[in-house]
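Below, chains carry the letters A, B, ... as their sequence lines are ordered, and counting in each starts from 1.
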Amino acid sequence: MERVVVTGMGILSPIGIGISRFFEALIAGQNGVGPFRSIEYKDTDYNLAGEVLDFEPRRIFNDEQISNMGRSSQFAVAATQEAFEDAGLLNADIAPSKIGVSMGTTMGEGPTLIQCNKIWLEQGPKAVPSELLQQYPCSVVPANVARHFNLCGPNIMIPTACASGNYAIGYAFDLIRMGKATVMAAGGSDSINPIVHQGFLRIKSLTNDFVRPFDKNRKGIVTSEGCAMLVLESYSSALKRKARIHAEILGYGLSCPAHHMTVPHPDGLGAQRAMQKALNNSGLPYECIDYVSAHGTGTPTNDRAETIALKGVFGQKAYDIPVSSIKSMMGHTMGAASAIEAVSCILAINNNVIPPTINYEEKDPDCDLDYVPNTARRHNVSYAMSNAYAFGGNDSSLILGNVRN
Amino acid sequence: MQPVVITGMGIITSCGAGKDNFFSTSDKFCAEAGEISLFSTDNTNCRYAHEIMNLDETDGLPRKGLRTMDRNTKIAIAATSQAINEAELSDSQIEQAGLILGSEFGSLSSIGKFDRGVQSSGLRGVTPMEFQNTVLNAPASRVNITLGIKGLSTTIACSQTASIDSVGYASQFVEDGQLKTALAGGSEELSEEWFYAMDNDGKLSKAKQAYPFYTGKNGFHLGEGAAMFVIESAQRSRERNVAELAQIIGYANGFATGTDEAYTISAGNVIYTCLSRAGISPEDIDLVYCNANGDNDFDRMISQILSAIFNLRNTQVSSLKGVVGECMGACGALSIAAILAGFQGYANGGRQRPSDLDPSAFCTPISDKKPKAIRYGMALSVSAYGNAAAIILKNPMVSTC
């Protein structure tokens, strides 16, 4: 079996585009959430979002490409561009045709469907241009990445909502580990989507306050957008071409409590099993985990269940492991979230600094772990665990670490 | 790595539900599509589709809770439930199993109606339950919840390769020892959104029958359906003393892009990779089910890909879409089901009369000759977006010596 390492990263987030800007903002505890700016939004009570405000598609695409590609795809191509440059792949001996793409999303190109529906309501279904609706299926996102870079390796879209980045990275990890691929671009992308915003508003999961994961007064999530892409590569290939290695993917775990579509299992059973599987598959004892990047959405139920799950796996040690949620800074970037959090973990490993959970003001007795409140912390991080959970109990856990010699 | 087998199958299409029904039905060369009852076709060019009738009465569906389920969820639950029953999985085996569902859209009807409800009436126009059905992984997750499958839940959406990819994904988990049992396949519902788009594009046939590889201007019919499989290691199936329907011996997925020639080469490379992983040559493949659907340009592209690799003297080539319609993310799983039918001697499915075949068509015309025993079958799907996937199954009942 091959070892799998990360040799490139690219990111677009509400706190910055590009790995350097993202890292600076992460450590500074910058708040990237504010009132909607990119789209007109009439609701004045719940109008917060985390948007990627300074993305300029014309730096990468021509007008025809922009009109044929939704925003989630544009993000994915832009992040992959940075990741490939970071990995030195654009000038490497590896033929692009051998590279694959594995991606996750919650809604793919949802705004494209909204455009179609606007026309449907105003003029009837026959007026909806078919070429517009054909830009909607989420499979177009990895397809657009593959087409842009002429990548003919495995190509997959795993739309397991808010955990999909972990699923996509995990699948790419398996392909390389089992010798079925050498290099994969893996990650997640979601653009700001009124369907999602309205939906979470309808189920009363939004906050009109700050995003306060694990805080006693937390009220819910803010919907956001973003994308992160990693270059995963076999260790032997990375060594051969003397690539810089950011981190190693050690293992991952998936589970499903089969409990409810939107409410997490109260004891976090699916989350516990996913973490346990990740530890088993990585061959790491739980005592080795130095940092946990939490799913930490800021809803009352998720954060409580997640805390219970962490104690279920780590026992008393849970109180010694720093746990933080970067959704406090960005809101919930949906299908991009766990890919962005994987990047955050790699930066923590490389720099021995843990990003904070910002907006943390009052302790909740039900959430009594160390959530790294408000200020980044210097801390040796050799191994990090990144957890992500989704509607329907699609639970996941990914373990990353320093490359061991 | 452990050899991987299929020990159970569940299926539902417009032709009916259940494996036995499918095996006899799939032997047809074509089936008439019916008039669509799910939505209005007053102003459309096409009025027909392969719609599943009386879905709520299908075996395998729970008696309660149907009202809150979207159509694709019901289709997926019915097929999964049948597969579980055939493989005689115990409650604890079901609990430990993983579910992997291929579906291009999840439930496009649910997402479309939710958004149109919000756009026209604000939040009062929609319910919280309706939002739950808008996530693309909702059908798969609801199958997990309804049937108590707790190993994992994954949704794969790669256009028409989605369900071959899901079976490939599942077999990898079993091969690797991460799962003892996987339930994998694909499902797709008939949605008015996609129907109107294809009709507006002139892709749909105005006639009741639509034939893949047809010589005249044709078009296709949309369909809906699901095929789900129980996948486990060969050793485990022997321990449980259940029959193997097939052995999964090769799978590959890739992307085809660029000029027509480059596209053909890339898609061909996926097939060659699959053959290499199976350890066999093109001439060993006795039966190919591809996803030609009646769209002349699409079918010619598939013919080009296949003719560069296979020889019709050795290999029967067919498509099931004249029987079940274009089922998008489910079509690969339905092709796999057709191969299993072929293993049982039902290998005429989807074949055309010689006089109806396009001159460029690379497929086997219908024949009175008894089909030869099928040792190896391949399901192939390609999509207009560029996805390509192939999977090779071995018939456990035919010697390959």
Student: Tell me whether the centres of the aromatic rings in A:Tyr171 and A:Tyr167 are closer together than 6.0 Å.
Tutor: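 Ring centres of A:Tyr167 and A:Tyr171 not closer than 6.0 Å.
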Student: Report yes if the distance between the aromatic ring centroids of A:Phe200 and A:His332 is under 6.0 Å, otherwise no.
Tutor: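 No, they do not, as the ring centres are separated by 6.0 Å or more.
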Student: Just checking, any donor-acceptor pair under 3.5 angstrom between side chains of A:Ser73 and A:Asn144?
Tutor: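 Judged by distance alone, the side chains do pair up.
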Student: Does one side chain, of A:Thr105 or A:Ser189, offer a donor that lies under 3.5 Å from an acceptor on the other?
Tutor: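 There is no such pair (donor and acceptor under 3.5 Å, judged by atom type) between the side chains of A:Thr105 and A:Ser189.
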Student: Of the backbone (N, CA, C, O) and the side chain (C-beta and beyond), which part of B:Leu136 lies under 4.5 Å from a heavy atom of chain A, both, or neither?
Tutor: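 For B:Leu136, backbone and side chain are both near chain A.
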Student: Go through B:Ala140, B:Gly386, B:Ala262, B:Ser159 and name the one with the most non-hydrogen pairs under 4.5 angstrom from chain A.
Tutor: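 Looking at each of B:Ala140, B:Gly386, B:Ala262, B:Ser159 in turn, B:Ser159 comes out on top.
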Student: Flag the one option from B:Thr154, B:Val118, B:Thr134, B:Asn269 with the top tally of heavy-atom pairs under 4.5 Å to chain A.
Tutor: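 So the answer, after comparing B:Thr154, B:Val118, B:Thr134, B:Asn269, is B:Thr154.
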Student: Name the option with the most non-hydrogen atom pairs under 4.5 Å to chain B; the candidates are A:Val101, A:Asn150, A:Asp174, A:Leu132.
Tutor: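 Winner by heavy-atom pair count: A:Asp174.
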Student: Highest number of heavy-atom pairs under 4.5 Å with chain B: which of A:Leu121, A:Leu113, A:Ile203, A:Leu254?
Tutor: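 When all of A:Leu121, A:Leu113, A:Ile203, A:Leu254 are compared, A:Leu121 has the most.
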Student: Side chain to side chain contact (heavy atoms under 4.5 Å, CB included) between A:Tyr389 and A:Thr297: does it pass, once the steps are laid out?
Tutor: CA-CA 10 Å; A:Tyr389 314 126; A:Thr297 53; over 6 Å; no
Student: Under a 4.5 Å heavy-atom cut-off, does chain B meet the side chain of A:Leu175, its backbone, both or neither?
Tutor: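 Contact with chain B: backbone and side chain both.
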Student: For the candidates A:His259, A:Glu131, A:Lys118, which exhibits the highest count of non-hydrogen atom pairs separated by less than 4.5 Å from chain B?
Tutor: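 Max contact count across the listed options: A:Lys118.
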Student: Applying a criterion of heavy atom separation less than 4.5 Å, what residues of residues 266-280 of chain A form contacts with chain B?
Tutor: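 Listed by number, the contacting residues are A:Arg273, A:Lys277.
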Student: Taking every non-hydrogen pair under 4.5 Å, which of A:Lys126, A:His260, A:Met1 racks up the most with chain B?
Tutor: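 Counting heavy-atom pairs under 4.5 Å, the top option is A:Lys126.
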Student: Determine whether the side chains of B:Asp165 and B:Tyr251 contain a donor N or O and an acceptor N or O closer than 3.5 Å.
Tutor: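 There is such a pair (donor and acceptor under 3.5 Å, judged by atom type) between the side chains of B:Asp165 and B:Tyr251.
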Student: Pick from A:Ala258, A:Ala390, A:Gly104, A:Gly392: which one has the most heavy-atom pairs with chain B under 4.5 Å?
Tutor: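 Top count of heavy-atom pairs under 4.5 Å with chain B: A:Ala258.
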Student: Which one, B:Leu147, B:Leu108, B:Val143, B:Asp199, leads in non-hydrogen pairs under 4.5 Å with chain A?
Tutor: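 Ranked by heavy-atom pairs under 4.5 Å with chain A, first place is B:Leu108.
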Student: With a 4.5 angstrom heavy-atom cut-off, is it the side chain or the backbone of A:Asp395 that approaches chain B, or both, or neither?
Tutor: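 Neither part.
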Student: If only side-chain N and O atoms count, and only distance matters, is there a donor-acceptor pair under 3.5 Å linking B:Asn144 with B:Ser153?
Tutor: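 The criterion, which ignores hydrogens and geometry beyond distance, is satisfied for B:Asn144 and B:Ser153.
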Student: Cut-off 3.5 Å, side chains only: do A:Asn394 and B:Ser141 have a donor facing an acceptor?
Tutor: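 Note: A:Asn394 and B:Ser141 side chains meet the donor-acceptor criterion.
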Student: Could you check B:Phe114 against A:Ile195 for side chain to side chain contact (heavy atoms under 4.5 Å, CB included), going step by step and ending with a plain yes or no?
Tutor: CA-CA 8 Å; B:Phe114 180 89; A:Ile195 297 176; 3.9 Å; yes
Student: If we count only N and O atoms by modelled type, under 3.5 Å, do the side chains of B:Asp115 and B:Gln119 hold a donor and an acceptor together?
Tutor: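 Per modelled atom types, B:Asp115 and B:Gln119 side chains form a pair under 3.5 Å.
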Student: Taking every heavy-atom pair that is under 4.5 Å apart, which of B:Ser383, B:Gly112, B:Gly148, B:Gly122 has the most such pairs with chain A?
Tutor: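 Sorted descending by pairs with chain A, the first entry is B:Gly112.
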Student: Counting only heavy atoms closer than 4.5 Å, note whether A:Pro257 contacts chain B via side chain, backbone, both or neither.
Tutor: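 Contact with chain B involves the backbone of A:Pro257 alone.
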Student: Select, from B:Val270, B:Val135, B:Thr146, the one with the greatest count of heavy-atom pairs under 4.5 Å involving chain A.
Tutor: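 Top count of heavy-atom pairs under 4.5 Å with chain A: B:Val135.
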Student: Are B:Glu175 and B:Arg277 ion-paired here, with the side-chain N under 4.0 Å from a carboxylate O?
Tutor: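 The answer is no: the pair does not qualify as a salt bridge.
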Student: Side chain, backbone, both or neither: which part of A:Ile158 has a heavy atom under 4.5 Å from chain B?
Tutor: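 Both parts, backbone and side chain.
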Student: After noting the C-alpha distance and the side-chain angles of B:Ser103 and B:Asn72, does the key distance pass the side chain to side chain donor-acceptor pair (under 3.5 Å) rule?
Tutor: CA-CA 9 Å; B:Ser103 175; B:Asn72 199 18; 3.2 Å; yes
Student: Over 60° means perpendicular and under 30° means parallel, so classify the ring planes of B:Phe39 and B:Phe195, tilted if in between.
Tutor: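 B:Phe195 and B:Phe39: tilted rings.
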Student: Can you confirm whether the side chains of A:Ser397 and A:Asn387 place a donor and an acceptor under 3.5 Å from each other?
Tutor: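 A donor-acceptor contact under 3.5 Å links the two side chains.
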Student: Tell me, side chain or backbone of B:Glu193 under 4.5 Å from chain A's heavy atoms, or both, or neither?
Tutor: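 Both parts, heavy atoms under 4.5 Å.
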Student: Is the A:Phe173 ring parallel, tilted or perpendicular to the A:Tyr252 ring (thresholds 30°, 60°)?
Tutor: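 Rings of A:Phe173 and A:Tyr252: perpendicular, over 60°.
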Student: Which atoms of B:Asn387 come close to chain A, meaning under 4.5 Å heavy atom to heavy atom: side chain ones, backbone ones, both, or neither?
Tutor: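 Contact with chain A is through the side chain of B:Asn387 alone.
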Student: Pick from A:Val128, A:Thr160, A:Ile114, A:Thr106: which one has the most heavy-atom pairs with chain B under 4.5 Å?
Tutor: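 Top option by heavy-atom pairs under 4.5 Å: A:Ile114.
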